[in-house]
Amino acid sequence: MCTHALTTRVKAALMVQPASLAAILIGTPTPLLHPPLPVRLQPPAAVHLPTVSMSTDQDETTNLNEMFHQKRILRSKVRKALKSMDLSLRSQEDNAIQSNVLEASWFKSSQRLCAYISCSALREVDTSKLLSEILQNLAKDGCAQTAKKLYVPRVEDKNSHMRMLNISSMDDLIANSMNILEPAPADGVGNLREDVMQANDPVDLFILPGLAFDRSGRRLGRGGGYYDTFLRKYQELARERNWKQPLLVALSYSLQIMDDGIIPVTLQDVLVDALVTPSGFIPISKSALERFDNGL
């Protein structure tokens, strides 16, 4: 009887299944947070994913598929929250976020910037005031040191290929097939617009969109991979030319800030250096902390 009982217990123990890999890496989604804390938050502790041994390519593919599935779920939740966001609250947060950027010394000191053109239908944080300020801040009295140069995105195809082209006026923009404004590849007289990847000088600041963010620098895009692909290429270009890496700053409504660890990440995802929210700034990377502290 003792031997039979022991055998039964061993068989029962062997039937216990380990937690799924997706649960270990991603975790269960939690509700959206309340508005983030005010200016000058301390940098968050790094989020470390558990080390998991991948035995086969199939295991790795399964893991990635689980992550992409989790991202789709989170995107759906955030889109619904943005769709139900009160219009007056959205307008207030748009104004507060843009004012926080415009008053920041690190924005004022940036001369070459890449920024997205906000689309109301996508419920992105408004950038119209920022773009207007950049375009109005042209060289005066021949002093190029006071000039700002602006590059904005143009989607090239459905394979995550995007360019950043220089514009000097909002009149340089045209609506694409999705009714999103982007620069034409050439100006009115046929001159090709300057591509930031061929520019002679480095970009100081990227102003980025997104669906969700956390205080560890994770950013959830819309799933096309355009910004992550472009940012990786530009960061590699900066390394090749020994340029200082640009500051990557994302604009976020209060409801878009997630708990750390909720946003799944892969090796292809680029982390942001800082967030700008209606409440102020959330510096994340060492570079952002140094620039904010030094007033740069």
Side-chain angles (χ1 to χ4, degrees), residues 64-65 67-76 78-79 82 112-128 130-131 134 149-167 170 172-186 192-199 202-214 217-240 245-253 256 258 263-276:
L64 287 175
N65 288 337
M67 283 192 172
F68 293 145
H69 176 66
Q70 196 71 14
K71 285 187 175 186
R72 287 194 293 271
I73 293 174
L74 186 56
R75 286 190 186 101
S76 178
V78 177
R79 286 193 181 101
L82 288 171
R112 291 167 295 278
L113 306 91
C114 289
Y116 72 95
I117 303 166
S118 57
C119 176
S120 180
L122 296 178
R123 294 173 175 82
E124 295 174 324
V125 173
D126 186 21
T127 58
S128 59
L130 303 182
L131 300 181
I134 296 169
K149 199 167 190 177
L150 176 63
Y151 300 87
V152 295
R154 175 181 172 83
V155 171
E156 294 296 300
D157 54 36
K158 295 181 179 180
N159 298 315
S160 303
H161 295 146
M162 180 177 76
R163 291 195 292 162
M164 287 278 184
L165 304 181
N166 175 237
I167 63 170
M170 294 300 286
D172 294 337
L173 303 176
I174 57 175
N176 63 16
S177 59
M178 297 181 64
N179 204 32
I180 297 174
L181 292 176
E182 61 181 17
L192 294 178
R193 300 190 188 281
E194 183 183 52
D195 188 319
V196 74
M197 297 297 288
Q198 277 79 53
V203 170
D204 302 308
L205 175 65
F206 275 82
I207 296 177
L208 305 172
L211 273 177
F213 313 90
D214 70 17
R218 296 182 179 194
R219 170 186 169 273
L220 179 71
R222 294 185 177 275
Y226 290 95
Y227 275 93
D228 288 319
T229 300
F230 182 86
L231 290 173
R232 288 196 308 272
K233 290 180 179 178
Y234 190 85
Q235 289 174 334
E236 179 58 31
L237 176 68
R239 284 191 290 269
E240 291 175 357
Q245 290 291 342
L247 193 67
L248 308 182
V249 177
L251 309 186
S252 174
Y253 292 121
Q256 292 176 292
M258 306 285 114
I263 300 174
V265 291
T266 70
L267 294 177
Q268 306 305 312
D269 295 322
V270 177
L271 303 183
V272 301
D273 294 305
L275 302 175
V276 182

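Position 1 is the first residue of the sequence, and the numbers go up from there.
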Between the main-chain N or O of [Y] and the side-chain N or O of [X], is there a donor-acceptor pair closer than 3.5 Å?
X: N159; Y: H161; result: no
X: R112; Y: P202; result: yes
X: Y234; Y: V203; result: yes
X: T229; Y: G225; result: yes
X: D214; Y: G217; result: yes

Between [X] and [Y], is any pair of side-chain heavy atoms under 4.5 Å apart?
X: R232; Y: Q268; answer: yes
X: Y226; Y: P153; answer: no
X: V155; Y: M178; answer: no
X: L247; Y: D204; answer: no
X: L208; Y: V272; answer: yes
X: I180; Y: I117; answer: no
X: L251; Y: P209; answer: no
X: Y116; Y: Y227; answer: yes

Hey, what do you get for [atom1] ([X]) to [atom2] ([Y]), rounding to the nearest 0.5 Å?
X: R219; Y: D269; atom1: CZ; atom2: CG; result: 8.5 Å
X: L237; Y: Q245; atom1: CG; atom2: CD; result: 9.0 Å
X: I263; Y: F213; atom1: CD1; atom2: CZ; result: 8.0 Å
X: D195; Y: L165; atom1: CG; atom2: CG; result: 5.5 Å
X: L275; Y: L248; atom1: CG; atom2: CG; result: 11.0 Å
X: L150; Y: I134; atom1: CG; atom2: CD1; result: 5.0 Å

With a cut-off of 6.0 Å (strictly less than), are more than 12 heavy atoms of other residues, nucleotides or ligands near CG of N179? no
For the student: nearest non-hydrogen atoms of [X] and [Y], plus distance:
X: V78; Y: L211; answer: CG1-O, 3.0 Å
X: S160; Y: D157; answer: N-OD1, 3.8 Å
X: K71; Y: T266; answer: NZ-CG2, 4.5 Å
X: P185; Y: R163; answer: CB-NH2, 4.0 Å
X: E124; Y: R222; answer: CG-NH2, 3.7 Å
X: F206; Y: M164; answer: CE2-CE, 4.5 Å

Carboxylate-amine/guanidinium contact E236 R239, below 4.0 Å: yes
Residue pairs meeting salt bridge (charged side-chain N to carboxylate O under 4.0 Å, His left out), one or both in residues 177-186, sequence neighbours left out, come to R154-E182
Sequence-distant partners of Y151, side-chain hydrogen bond (donor to acceptor under 3.5 Å, both in side chains), two or more places apart: E194
Begin from the C-alpha positions of V196 and C114 and carry the test side-chain contact (heavy atoms from CB on, under 4.5 Å) through to its verdict. CA-CA 9 Å; V196 74; C114 289; 4.1 Å; yes
